[in-house]
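Structure record follows, encoded as structure tokens.
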Protein chains: 2
Amino acid sequence: MDSAPPAPPSSLPPSPWLPFESRRRARDEKREAVLRAAVQLFLEQGYHRVTLNEVAERLNITKPALYNYFRGKDEILFECWSMGAELVDSVITEINAGGGSGLAKLRKLVHAYAALMATDFGASLVRFDLRDLTERNAGVARAAKKRIDATFRKYIAGGIDDGSIRSCDPKLAAFAIAGALNWIGHWYQRDGEFSPTEIADEFTVRLTEGLATEGRQQMTKKTPRAPQRRNSGRATTGKKRTGGGTR
Amino acid sequence: MDSAPPAPPSSLPPSPWLPFESRRRARDEKREAVLRAAVQLFLEQGYHRVTLNEVAERLNITKPALYNYFRGKDEILFECWSMGAELVDSVITEINAGGGSGLAKLRKLVHAYAALMATDFGASLVRFDLRDLTERNAGVARAAKKRIDATFRKYIAGGIDDGSIRSCDPKLAAFAIAGALNWIGHWYQRDGEFSPTEIADEFTVRLTEGLATEGRQQMTKKTPRAPQRRNSGRATTGKKRTGGGTR
DNA sequence: ACTTTTTCTTACCCGCGGGTAACATATCGG
DNA sequence: CCGATATGTTACCCGCGGGTAAGAAAAAGT
């Protein structure tokens, strides 16, 4: 995007625009650095317990310097939240661009969303309290949430239509799935037992196939598999075999 | 003085301090009245945005009076939380007392827990931030949460053993289910579209049976619903309906 | 009645932390 | 080298709200 304009003859550095551009870039990078530091602290300690001094300190600057990039604390919070929202939006547009049954799309969404919940900006989507935002920003956030929720419902409803999903209430089903996913943002920790991929893989299966044996395979005797060791550590690590070949 | 029918937002359980009568209620009842008022405000506005003056005002007393019953704001929060925890505990002991397969117990738990999430004290279990508690109380709360989570896992693991639940990772499955349930505490509202019973009923089914029709090999009783055409998921068509485009 | 104890009020303290003003310094265009 | 514009610092303000001190007003005991 930064095509250098025709370099002027003499020895001077070519474009006067480049400095401007790079300066803006530098600014944006700093802005983002603030957000990264802030989101981390907010998640770690909770918005209200984090002071702007702490945020600044972690960046080796002082509090008033933050006001060069943001109008106030609540705007920082909102921008963190927005970063997460943008990630989700891009996931959705990509899925929408592709094809597949309602169930297939839902699975893609579940998988990507689960992985997102294991990131800082993703988690901020569900761990920040919208009541800390200005009424204006809270409205934007609510609208975004609504769009996301609508997407879940749309995929489910579509899946019911095309027969890939059994008949059920799309609204409640979406709540259930989104709830399970959102909760990841509350318990996941980087140094935990499960990797984001493992979580995403397992949730994709569990949330669409359920638990009960009833009515599915298990036609063969119910031989007690794994008499003792349920959950052999890392049990489900390998490629997920979604039962009888999904899709 | 002004006639003092202090008509605060009606619909609230009248406080024991109302003008001049019933000032001789038992201490414990007053304590609980404080908790009921507090939990409502905390859920409504968020812990940090609620002042003790507001809590007191809603009870027709003044802030320092609260200190006759609690050591401080954080203790009020903790006691609210504990109320919810006790409710869950009693549910669990009751289920443990009864019998049934792992799946049956899990379903009972899901049903009762879902209903609990639609109550104030139940929701406080998942909407309050344990970091607002003293280290001591936070420890108690973490332990209680752990016990609850362990119960979910125990039922699931038991169900795998007795064959009522298909093999899976009990830990992640418990996270998924508990997450879906906990999230109820975030979106449920009394005047909403669904009653607690409806939610509990639907979640019990959805969380244990899954969504996918997964045609293929179903044969045992209970022909799966979904009379729709069985469209093998393969996307032979570029674009499914995906609903009517809008919602 | 009288003390004693519990409950509640009035009046205050004070630390925390978001936000601002005024000033210093670096950067850049020219 | 010189203004103009970003960028950052030091020092301060001040409102909010949790918590407390001291004492009034009921209740309860005797």
Side-chain angles (χ1 to χ4, degrees), chain A residues 5 8 10-34 37-38 41-42 45-79 129 131-134 137, chain B residues 1 4 6 15-34 37-38 41-42 45-79 129 131-134 137:
Chain A
S10 66
S11 61
L12 281 178
S15 157
W17 299 97
L18 268 181
F20 176 81
E21 268 291 321
S22 78
R23 219 167 125 160
R24 197 183 65 75
R25 270 260 305 273
R27 185 184 167 82
D28 284 354
E29 276 176 29
K30 289 184 189 173
R31 220 182 112 99
E32 230 184 274
V34 173
L41 284 168
F42 289 164
Q45 313 184 27
Y47 178 68
H48 293 281
R49 276 172 296 276
V50 175
T51 72
L52 290 185
N53 277 324
E54 288 178 89
V55 176
E57 194 178 1
R58 191 168 279 209
L59 295 162
N60 300 318
I61 56 177
T62 57
K63 174 175 64 172
L66 296 173
Y67 285 82
N68 281 319
Y69 303 98
F70 302 94
R71 304 180 102 86
K73 194 185 182 187
D74 63 288
E75 183 174 306
I76 297 181
L77 185 73
F78 176 69
E79 293 296 329
D129 191 338
R131 291 171 296 195
D132 288 320
L133 271 40
T134 62
N137 284 343
Chain B
M1 309 315 185
S15 97
W17 284 276
L18 268 180
F20 297 103
E21 65 201 60
S22 69
R23 275 205 167 176
R24 56 193 59 179
R25 292 280 179 83
R27 185 182 167 83
D28 284 352
E29 276 179 31
K30 290 184 187 173
R31 220 183 113 98
E32 228 184 276
V34 173
L41 284 169
F42 289 164
Q45 312 184 27
Y47 178 68
H48 293 282
R49 277 171 294 276
V50 175
T51 72
L52 290 185
N53 277 324
E54 286 178 272
V55 176
E57 193 178 3
R58 197 171 274 211
L59 294 162
N60 301 318
I61 56 177
T62 57
K63 172 176 63 171
L66 296 173
Y67 284 82
N68 282 315
Y69 305 97
F70 303 94
R71 302 181 104 89
K73 195 184 183 188
D74 63 288
E75 185 174 304
I76 297 180
L77 185 73
F78 176 68
E79 294 296 328
D129 190 338
R131 291 170 298 195
D132 288 320
L133 269 41
T134 61
N137 284 342

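To find a chain, count down the sequence lines: A is the first, B the second, and so on, and within it residues start at 1. What you are looking at is a predicted structure, and each value in this text was computed from that prediction instead of being measured.
An angle of 10°, rounded to 10°, separates the two end axes of the helix from C:dA1-D:dT30 to C:dG30-D:dC1, each defined over five pairs.
Summarising the local packing, CZ of B:Arg71 is surrounded by 12 or fewer heavy atoms from other residues, nucleotides or ligands at distances under 6.0 Å.
For A:Glu79 (side chain) and A:Ile76 (main-chain N/O), no donor-acceptor pair under 3.5 Å exists by modelled atom type.
Atom CZ of A:Arg27 and atom OH of A:Tyr69 lie 6.0 Å apart (nearest 0.5 Å). For the atom pair CG of A:Asn53 and OG1 of A:Thr62, the computed distance is 8.5 Å after rounding to the nearest 0.5 Å. Of the inter-residue distances, the one linking B:Lys30 atom NZ with B:Leu66 atom CG reads 12.0 Å to the nearest 0.5 angstrom.
Under 4.0 angstrom from either OP1 or OP2 of C:dT6 there lies no side-chain N or O belonging to B:Arg27. Put simply, A:Tyr69 has no side-chain N or O that comes within less than 4.0 Å of OP1 or OP2 on D:dT7. Between C:dC8 and B:Thr62, no contact under 4.0 Å exists linking OP1 or OP2 to a side-chain N or O.
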Under 3.5 Å between N/O atoms: give me all the protein pairs with nucleotides 22-24 of chain C, atom names plus distance.
none

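Between B:Leu52 and B:Tyr67, the closest side-chain pair of non-hydrogen atoms falls below 4.5 Å.
Residues forming a ring-ring contact (aromatic ring centres under 6.0 Å, His included) with B:Tyr47 (at least two apart in sequence, or on another chain): B:Phe42. Applying the salt bridge (Lys or Arg N to Asp or Glu O under 4.0 Å) test to B:Glu32 and every residue at least two apart in sequence or in another chain returns B:Arg36. With sequence neighbours left out, the side chain to side chain donor-acceptor pair (under 3.5 Å) criterion links A:Arg49 to B:Asp129, B:Asp132.
Taking all atoms of both residues into account, the shortest heavy-atom contact from A:Asp74 to A:Leu133 is O-CD1, 4.3 Å.
The NZ-P distance, from B:Lys30 to C:dT7, rounds to 7 Å in whole Å. One atom, CG of B:Asn68, and another, C1' of C:dT9, lie 11 Å apart when rounded to the nearest Å. Between the CZ atom of A:Phe70 and the C1' atom of D:dG8 there is a distance of 16 Å, given to the nearest Å.
A salt bridge (charged side-chain N to carboxylate O under 4.0 Å, His left out) check over residues 56-65 of chain A, counting only residues at least two apart or in different chains, returns the pairs A:Glu44-A:Arg58.
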The contact string for nucleotides 15-21 of chain C, one letter per nucleotide 5' to 3', using protein heavy atoms under 4.0 Å with B, S and - for base, sugar-phosphate only and none, comes out as --SBBB-
